[in-house]
K.L.:
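Right, I'll just put the structure down here and ask away after.
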Protein chains: 2
Amino acid sequence: MVLSQIVGCIAAFFNAVTFVPQVCKTWKTKSAGDVSIQMFIISTTNASLWSIYGIGINDPIVYTVNTIVFLLSVSQIILKVKYDRANKK
Amino acid sequence: MVLSQIVGCIAAFFNAVTFVPQVCKTWKTKSAGDVSIQMFIISTTNASLWSIYGIGINDPIVYTVNTIVFLLSVSQIILKVKYDRANKK
């Protein structure tokens with residue numbers, strides 16, 4: 001139980017921060033032409049399902065991490081749509 | 001138990017396919033300048049930890065999905081390094 005909690009916390013941390021570098025890079029460079037929007041649509045769907053599941057089983061680690069991933073994925077989609085339009089002009 | 005298995009299978013499917021669109025896009029466009037390599041380094045680390053954990057607890061869903069994610073992340077890193085170098089010339 002202790003080992004699975006440690007692994008869960010490490011995995012939760014990595015899951016939460018995975019998309020941070022991509023959002024930061026897109027924010028800085030104002031360009032996301034090479035980034036796949038489908039990847040972030042899948043990730044948004046996945047994170048929202050997990051958030052609902054986490055609330056359902058009342059597990060704060062599951063819903064907190066997945067809410068962070070959901071928000072980062074939505075941010076990336078918004079940034080990509082915004083900069084793709086701006087860069088096409 | 002049945003519900004958690006269903007959710008686990010749906011999540012496993014989404015996790016396994018998340019990076020497929022990005023690898024396909026990079027493969028087709030031969031360009032990944034806007035893609036964050038740090039994102040895929042984090043994801044490679046995470047997937048390898050989960051694969052080891054999955055083998056440890058003998059859960060084929062955990063280690064199969066994470067081996068797929070690991071291979072896709074490594075492929076994306078190789079493609080990014082290759083095309084970034086080629087596009088700099």
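Chain A is the first sequence line, chain B the second, and so forth, proteins listed ahead of strands; every chain is numbered from 1.
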K.L.:
Heavy-atom distance under 4.5 Å to chain A: side chain of V17(B), backbone, both or neither?
P.N.:
both
K.L.:
Look at S43(B), G33(B), C24(B) and state which one has the largest set of heavy-atom pairs under 4.5 Å with chain A.
P.N.:
G33(B)
K.L.:
Taking all non-hydrogen atoms of both residues into account, name the closest pair between I42(B) and P21(A) and its distance.
P.N.:
CD1-CG, 3.8 Å
K.L.:
Which one of I41(B), V20(B), T18(B), I37(B) has the most heavy-atom pairs closer than 4.5 Å to chain A?
P.N.:
T18(B)
K.L.:
Examine whether an atom of K80(B) lies under 4.5 Å from a heavy atom of chain A, and if so say whether it belongs to the side chain, the backbone or both; otherwise answer neither.
P.N.:
side chain
K.L.:
Taking the side chain as C-beta and beyond, is there a heavy-atom pair between D34(B) and T26(A) under 4.5 Å?
P.N.:
no
K.L.:
Counting a contact as any heavy-atom pair under 4.5 Å apart, which residues of residues 51-76 of chain A contact chain B?
P.N.:
Y53(A)
K.L.:
Would you say NZ of K30(B) has more than 12 non-hydrogen atoms from neighbouring residues, nucleotides or ligands within 6.0 angstrom?
P.N.:
yes
K.L.:
State yes or no: do I78(B) and W27(B) share one hydrophobic cluster built from I, L, V, M, F, W and Y residues joined by side-chain heavy-atom distances below 4.5 Å, directly or via other members?
P.N.:
no
K.L.:
Side-chain contact test, heavy atoms from C-beta onward, threshold under 4.5 Å: evaluate it for N15(B) versus N46(A) and give yes or no.
P.N.:
yes
K.L.:
Answer with side chain, backbone, both or neither: which region of F40(B) has an atom nearer than 4.5 Å to a non-hydrogen atom of chain A?
P.N.:
side chain
K.L.:
What's the separation between atom CD in Q22(A) and atom CD in Q38(B), rounded to the nearest 0.5 Å?
P.N.:
9.5 Å
